[in-house]
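For reference, the structure discussed in these notes is given below.
First the proteins, then the strands, lettered A, B, ... as listed; each starts at 1.
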Amino acid sequence: MMRSFTLPGFPDAMPLEGLAGGILIGLAAAIMLLGAGRIAGVSGITARAVGLSESSMPRISAWLFVIGLPLGALAIAYATGGLPANFASPLYLAIAGLIVGVGTRLGSGCTSGHGVCGMSRLSQRSIVATLTFMATGFATVAAMNALGIEVLP
Amino acid sequence: MMNRIIIPLLSGVIFGAGLALGGMTDPARVRGFLDLFGDWDPTLAFVMGGAVIVMAIAWVVQKQLVHPVFAESFALPGTQDLNPKLIGGAGLFGIGWAIAGLCPGPGIAALVIEPASAAIFIVAMLAGMALVRMTEKN
C-alpha cells in the first residue's frame, strides 16, 4: 500500500490510512444507528446471524451485515492491489477464536460494539469493557514476548 | 426493505472496507498495537479514534431523532449496568484478541484475504459463543 505520511518515531505506522479506515468504520456504524436504530457490534450481530442470540435484529439483517464485512475488505484489496496478511498457525487461531467467542458473549461486545459504538456514547459499561480488554491485550502480548512465544510468521 | 436489507448490507460493506483500509485485517498490525512495551505500532489508535469521532457525532444526531430514518424505534442496549461478567468477559476477549491479533470484525473480513486462517478463527469463535449459550441456557 502507498504510504503518504509516516509518524515520527513509528516508521511502520499508517496514521492516515488508519484514520481514513476509522472514519469509514464510524460511518458504517452511524448508518446502522441512524438508519436502522441498532448498534453495529460485530460479535453480537454474528451471534444473532447464526442463531446464538435472542436480539430483536432480523436474522437476515444480521447475515447481510456479516456478509458485507468480507465484501468491503475485498473491494479494498482490489483497489490497493492486495493486503498484507500475517496470520498465526491453526492451533493459535483456534485457541484465540475460542477465547474471543466466549469473552465477547460474556462481555456483551467486542472492539466494535464497546470500543467504537459504546465509548463514543460515553457508556460506562463500554468504557470499562474497552479499558479491560485493552489492558489484558497489552498484558497478553507482553507475557507472550517475555516467554518467547512467537505466533505470527 | 431499507431497514432489513439495505442498511445492514451497506453498513457491513463500509465497515469491512474501513477495517481493511486501516490495516486491521493484518493481525501483525493489531498485535503491533498491543505490543505496547515492545515495538509499538499506534495505527489501531488512529482507526479507533477516527471511528469514535464519527460515531460521537452520530450519537448527537441520534438524540434529535424520534425514530431511526428507516425503522420505527431504536433498539439500543443500556449503558450503566457494570458487573463481574462484563469485566471478566472483556478481560477474556482481550486475551484471545492478543493471542492471534484478531477480533470478530477483522476475523470475518479476512475471509477474502486468507480464507483458511480466517475460517479456523471464525469456527472456533462460534464454538466459544455456542459454549456460553449452552451454559447460560442450563
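- Contacts of B/Leu10 with chain A are made by side-chain atoms alone, with heavy-atom separations under 4.5 Å and no backbone atom involved.
- Heavy-atom pairs under 4.5 Å with chain B peak, among A/Gly115, A/Ala77, A/Ala62, at A/Gly115.
- From A/Ile99, atom CD1 reaches atom CZ of B/Phe93 across 11.5 Å, with rounding to the nearest 0.5 Å.
- Using a 4.5 Å cut-off between heavy atoms, B/Val52 touches chain A through backbone and side chain atoms alike.
- Interatomic distance, CD1 of B/Ile120 versus OG of A/Ser89, reported as 8.5 Å (0.5 Å rounding).
- Each of A/Val66, A/Val151, A/Val102 has some count of heavy-atom pairs under 4.5 Å with chain B, and the biggest count is that of A/Val102.
- Put simply, of B/Gly107, B/Gly101, B/Ala100, the one with the most heavy-atom pairs under 4.5 Å next to chain A is B/Ala100.
- Contacts with chain B were tallied for A/Gly37, A/Gly118, A/Gly107, A/Ala79; A/Gly37 has the most, counting heavy-atom pairs under 4.5 Å.
- Looking at B/Leu131, only its side chain comes within 4.5 Å of chain A, counting heavy atoms on both sides.
- In this structure, chain B has heavy atoms under 4.5 Å from both the backbone and the side chain of A/Tyr92.
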Check against side chain to side chain contact (heavy atoms under 4.5 Å, CB included), B/Leu34 and A/Thr140: CA-CA 8 Å; B/Leu34 293 173; A/Thr140 301; over 6 Å; no

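- With chain B as partner, the option from A/Arg38, A/His114, A/Met32, A/Met119 having the largest number of non-hydrogen pairs under 4.5 angstrom is A/Met32.
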B/Met125 vs A/Thr46, side chain to side chain contact (heavy atoms under 4.5 Å, CB included): CA-CA, chis, key distance, verdict: CA-CA 10 Å; B/Met125 177 178 80; A/Thr46 302; 4.2 Å; yes

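- With hydrophobic clusters built from ILVMFWY side chains whose heavy atoms lie under 4.5 angstrom apart, A/Met57 shares a cluster with B/Phe74.
- Of all non-hydrogen atoms in B/Thr43 and A/Met14, the two that sit nearest each other are OG1-N, 2.9 Å.
- Chosen from B/Val60, B/Asp39, B/Thr79, the residue pairing most often with chain A at heavy-atom distances under 4.5 Å is B/Thr79.
- Highest contact tally toward chain A, considering only B/Gly91, B/Ala116, B/Ala56, is held by B/Gly91 [criterion: heavy-atom pairs under 4.5 Å].
- Between the CG atom of B/Leu86 and the CZ atom of A/Arg125 there is a distance of 4.5 Å, given to the nearest 0.5 Å.
- Across every non-hydrogen atom of B/Ala98 and A/Gly137, the tightest pair is CB-O, 3.4 Å.
- Annotation for A/Leu52 and B/Ala130: closest pair CD1-N, 3.7 Å, computed over non-hydrogen atoms.
- Taken together through direct or relayed side-chain contacts under 4.5 Å among Ile, Leu, Val, Met, Phe, Trp and Tyr, B/Ile95 and A/Ile149 form part of one hydrophobic cluster.
- For the pair A/Asn86 (side chain) and B/Pro27 (backbone), a donor-acceptor distance under 3.5 Å is absent.
- For chain A, the option among B/Asp26, B/Val69, B/Asp35 with the highest count of heavy-atom pairs below 4.5 Å is B/Asp26.
- Pairing each heavy atom of A/Pro70 with each of B/Leu111, the nearest pair is CB-CB, 4.4 Å.
- Heavy-atom minimum distance, A/Ala13 versus B/Arg29: CA-NH1, 4.0 Å.
- Contacts between B/Met48 and chain A at a heavy-atom distance below 4.5 Å involve the side chain alone, from C-beta outward.
- Residue contact with chain B, scored on non-hydrogen atoms closer than 4.5 Å, is absent for A/Ser55.
- For A/Leu152, the part lying near chain B is the side chain, with the backbone staying farther off; criterion is any non-hydrogen pair under 4.5 Å.
- Both the backbone and the side chain of A/Glu54 come within contact range of chain B, with heavy atoms under 4.5 Å apart.
- For A/Val128, the part sitting under 4.5 Å from any heavy atom of chain B is the side chain, from C-beta outward, and nothing else.
- Under a hydrophobic-cluster definition in which Ile, Leu, Val, Met, Phe, Trp and Tyr are linked whenever side-chain heavy atoms come within less than 4.5 Å, directly or via other members, A/Phe10 and B/Met24 are assigned to the same cluster.
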Side chain to side chain contact (heavy atoms under 4.5 Å, CB included) between B/Lys85 and A/Leu106, intermediate numbers included: CA-CA 6 Å; B/Lys85 189 177 143 194; A/Leu106 290 178; 4.1 Å; yes

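- Comparing B/Ala45, B/Ala71, B/Ala127, B/Pro42 by heavy-atom pairs within less than 4.5 Å of chain A, the highest count is held by B/Pro42.
- For the set A/Ile25, A/Thr132, A/Ile31, the entry with the most heavy-atom pairs within less than 4.5 Å of chain B is A/Ile25.
- B/Val13 and A/Trp63 end up in the same hydrophobic cluster when Ile, Leu, Val, Met, Phe, Trp and Tyr side chains are linked at under 4.5 Å.
- Atom CZ of residue B/Phe70 and atom CG of residue A/Leu34 lie 10.5 Å apart, to the nearest 0.5 angstrom.
- Using a distance-only test at 3.5 Å, with no hydrogens or angles considered, no donor-acceptor pair links the side chain of A/Arg105 to the main chain of B/Met129.
- The hydrophobic clustering, which links ILVMFWY residues whose side-chain heavy atoms are closer than 4.5 Å, places A/Ile60 and A/Ile39 together.
- Using a 4.5 Å heavy-atom threshold, the side chains of B/Leu76 and A/Leu33 count as touching.
- For A/Leu7, the part lying near chain B is the side chain, with the backbone staying farther off; criterion is any non-hydrogen pair under 4.5 Å.
- Distance check: A/Leu69 CG to B/Thr25 OG1 gives 11.5 Å after rounding to the nearest 0.5 Å.
- Shortest non-hydrogen contact noted between A/Ala142 and B/Phe37 is CB-CD1, 3.9 Å.
- Under the side chain to side chain contact (heavy atoms under 4.5 Å, CB included) test applied with B/Cys103, the options A/Val42, A/Val100, A/Thr104, A/Thr111 reduce to a single match, A/Thr111.
- Between A/Leu83 atom CG and B/Ile113 atom CD1 the span is 4.5 Å, to the nearest 0.5 Å.
- For B/Pro77, the parts lying near chain A are the backbone and the side chain together; criterion is any non-hydrogen pair under 4.5 Å.
- A 4.5 Å side-chain heavy-atom check between A/Phe138 and B/Phe33 finds at least one atom pair inside the cut-off.
- The greatest number of non-hydrogen atom pairs below 4.5 Å with chain A, out of B/Val54, B/Ile87, B/Ile6, B/Leu126, is found for B/Val54.
- A donor-acceptor pair under 3.5 Å is absent between the side-chain atoms of A/Ser61 and the main chain of B/Ile5, judged by distance alone.
- Of the two parts of A/Ala47, the backbone and the side chain both hold a non-hydrogen atom closer than 4.5 Å to a non-hydrogen atom of chain B.
- Per-residue counts of heavy-atom pairs under 4.5 Å with chain B were compared for A/Ala88, A/Gly103, A/Ser126, A/Gly109; the largest is that of A/Gly103.
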